Amino acid sequence: MASTSSKKAYIATRVRNYLAAFAAILAVNFAIPRVMPGDPTTRFVGPGFTAEARQQLLQEFGLNRPLWEQFLLYLTNIFTGDFGVSFARYPTPVMELIVERLPRTLYLMGASVTISVVIGIPLGAFAAWNFGEREDLITTQSSLFFRSIPTFWLAILLVFVFGYLIPIFPISGATGSANHPSFIAYFVDLTYHTVLPVVTMSAYFLAGYTFLMRGSLLDILPENYIKIAESKGLSERQVLFGHAVPPAFPPVLTQLGFQIGRLAGGAVLVETVFSYPGMGQLMFEAVLARDYPVIQATFFFLAIMVLGSMFLAEILYTIIDPRIGGSE
Amino acid sequence: MSQQHYDDGDEQMSTAKESIDEGSSRRFDRFRSFLRDFLTNRKGFAGTLLLGAVVFISVAAPLIAPYDPEAYGVGPALAAPSFEHLLGTDDLGRDVLSRFFYGGRISLLVGVVSGVVATLVATLIGVPAGYYRGRVGRWITTAIDMSLVFPPFVLVVVFAAYAGSSVWNIILILSLLSWPIPARTIKAKTLSVRENDFVESTQALGASDLRIMRQEVLPNILPVVFANGILQMVYTILMEAAVGFLGLGDTARISWGTMLYFAQKQGALSSGAWWWMILPGFGIVLAAFSFILVGSALDEVLNPRLQRRTWGDD
């Protein structure tokens, strides 16, 4: 009884913090185009717009009204999904671009995280189990090395190798054809096109999780209950995966949540090199074209994606970590 | 074994001179034994050598560069490596090796300065977050957690779009955006130091919070702060390179990132000019790898086993 209520209290605090973070994203996103040097109206009205369109947009965003009214209008627009009109692709609504791109980036990031975790966690456990031996040295030193390779440079190298030397994987785009007979055909095509981007993104994070898991497990291994499990005559594998890995995993998961912000940055670079039409590429193109409404919306959604993923990681953490609120 | 004897000898000597300068001699001994541990650490040794090489080529660039890095047409355009141009030339006939030597300067400048500033900010925020119990601590922690939701690199790109990106703008942005993760680490370490008896006894003596943080907490967390700061530079070096690669950096200055930007833009790979793409990337890897080796060696030497306790502190 008591344990479930403290778990509830814990979750309530966390949810409150996430709501506060959401408010912070809304505020920062509102502030950025208004506090930066230059004429703020140029951030909402494109250079080639007719006087009529200009007037309509000024009206829509309330740019000629007091700041608090602008903020209310901004909130209303966001909650009704109105992010204005793209300058570069006038008159496409920004929301239309986002809806098209967002799932692709989610897929790219999701696949990369999954691969990093599925390979990195056992690899880190393997290194910790062989602490100080050759297997451990090779694993840790190569993960430090992979951690120092710039994501975009690895992407370029992969494009060079697979685009020019051994052309077996596509080096650009998200799909080969525009029409697919079924969702499965689309999914297969998408997966084939994302092999190289996912490998690029995974390399950096895989190395990170390997290192984190190793460190976390090295903290657990000297504990008494591991020695007891060993002395009971359990096999190495049973001790490692049955007793040592479960308590070592939650801290890694927490850290994983923090690093998702870096994952979003990685998406900008990887999507740009591989011409993958996702949120990152959309944002970069918008930056080059000074397409301010698109910049603002992509930033907003990338930040929301990071927030959502952190929240997800935290929920998982709460479910699997027996220390929070006590078990049973 | 022999090290043990050495230490004992030093100990006796310092006892003999105790009345003269006990403090400074102790400190010197501690520094010497730290240096010995650090350089006998495999990563520490390799990292120091690599870092030395990177610093050397950056500082000595004017002396060792065979050509003026900015001069056009010192050779034919896109010439493959030869004896005249050891690493070939770019599309404007500039010497790639000379540009490579100069390119490290911006990487090191941006990486080191913004790493230092970010670590200072992280310390100023992380220490009170861990020191104050109750409402104040919780508020600061919430602020740190909220800052984590803003993806730093994405924000750098956004700022570059609005504010332009001189080298100092990039340093400013990187410093202001990359403190939250180290701040959490520092907070966690402060929490554990705070539980120690000497902190509580100083409190009982009526020392002010500021004084305790400065005189009791800070010296004890300094090793963590230091190792973290070096590792932070790995991240800022990689970010600077990425900003340069996207063409959002100061394209008038030579940096490894902007070299790659121009190479990519001019289709270096499709025209087969691999030498133009390989070397700058290699420079970034070298710089980042040397910092990561030095940082993790420092971590092992200064913070034996405690570093790993720095997460999951809620």
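Protein chains get the first letters and strands the later ones, always in sequence-line order, with residue 1 at the start of each. The shown structure was predicted, so the numbers you read here are calculated from the model rather than taken from an experiment.
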Between A:Phe152 and B:Leu260, is there a side-chain heavy-atom distance shorter than 4.5 Å?
yes
Can you tell me which residue among B:Ser175, B:Pro152, B:Ser114, B:Ser107 is in a side-chain contact (heavy atoms from CB on, under 4.5 Å) with B:Thr236?
B:Ser114
Part of A:Phe22 within contact of chain B (heavy atom distance under 4.5 Å)
neither
Part of B:Tyr235 within contact of chain A (heavy atom distance under 4.5 Å):
side chain
Go through the atoms of A:Ile260 and report whether side chain, backbone, both or neither lie under 4.5 Å from a heavy atom of chain B.
neither
Less than 4.5 Å to any heavy atom of chain B: does that hold for the side chain of A:Leu137, its backbone, both, or neither?
side chain
Identify which one of A:Leu154, A:Leu196, A:Thr151, A:Leu263 satisfies the side-chain contact (heavy atoms from CB on, under 4.5 Å) criterion when paired with A:Val270.
A:Thr151
Whether A:Glu271 side chain and A:Thr105 backbone form a donor-acceptor pair below 3.5 Å
no
Over 60° means perpendicular and under 30° means parallel, so classify the ring planes of A:Phe145 and B:Phe289, tilted if in between.
perpendicular
Among B:Leu246, B:Val154, B:Leu155, B:Ile181, the residue with the most heavy-atom pairs under 4.5 Å to chain A is B:Leu246
For a quick test of reading the model, state the closest non-hydrogen atom pair linking B:Val96 to B:Met259 and the distance between them.
O-CE, 4.0 Å
Which atoms of B:Ser296 come close to chain A, meaning under 4.5 Å heavy atom to heavy atom: side chain ones, backbone ones, both, or neither?
side chain
Counting heavy-atom pairs closer than 4.5 Å to chain B, which one of A:Ala23, A:Gly266, A:Gly265 comes out on top?
A:Gly265
In terms of heavy-atom pairs under 4.5 Å, which option from B:Met239, B:Gln264, B:Met146, B:Arg138 contacts chain A the most?
B:Met146
Main-chain N/O of B:Met277 paired to A:Trp153 side chain as donor or acceptor, under 3.5 Å:
yes
For the candidates B:Gly257, B:Gly281, B:Pro151, which exhibits the highest count of non-hydrogen atom pairs separated by less than 4.5 Å from chain A?
B:Gly281
Heavy-atom pair count under 4.5 Å with chain B, highest-scoring of A:Val28, A:Ile304, A:Thr298
A:Val28
May I ask you to test the A:Arg262-A:Phe205 pair for a side-chain heavy-atom distance under 4.5 Å?
yes
So which part of A:Tyr204 gets closer than 4.5 Å to some heavy atom of chain B, the side chain, the backbone, both or neither?
side chain
What part of A:Tyr164 is in contact with chain B, defined as an atom under 4.5 angstrom from a non-hydrogen atom: side chain, backbone, both or neither?
side chain
May I ask you to decide if the ring planes of B:Phe150 and A:Phe299 are parallel, tilted or perpendicular, using 30° and 60° as cut-offs?
parallel
Do B:Asp145 and A:Arg14 meet the salt-bridge criterion of a basic N to acidic O distance under 4.0 Å?
yes
Given the options B:Ile278, B:Leu293, B:Val156, B:Leu286, which has more heavy-atom pairs under 4.5 Å with chain A than any of the others?
B:Ile278
Heavy atoms only, distances under 4.5 angstrom: which of A:Leu307, A:Thr140, A:Ile32, A:Leu144 has the most pairs with chain B? Name it, please.
A:Leu144
Pair count under 4.5 Å, heavy atoms only, with chain B: among A:Leu157, A:Ile156, A:Val268, highest is A:Ile156
Interface moiety of A:Arg290 toward chain B, non-hydrogen atoms closer than 4.5 Å
side chain
Counting heavy-atom pairs under 4.5 Å with chain B, the top scorer among A:Ile295, A:Leu269, A:Ile149 is A:Leu269
Taking the basic N atoms (NZ, or NE/NH1/NH2) and the acidic carboxylate oxygens, is any pair closer than 4.0 Å for B:Glu195 and B:Arg133?
yes
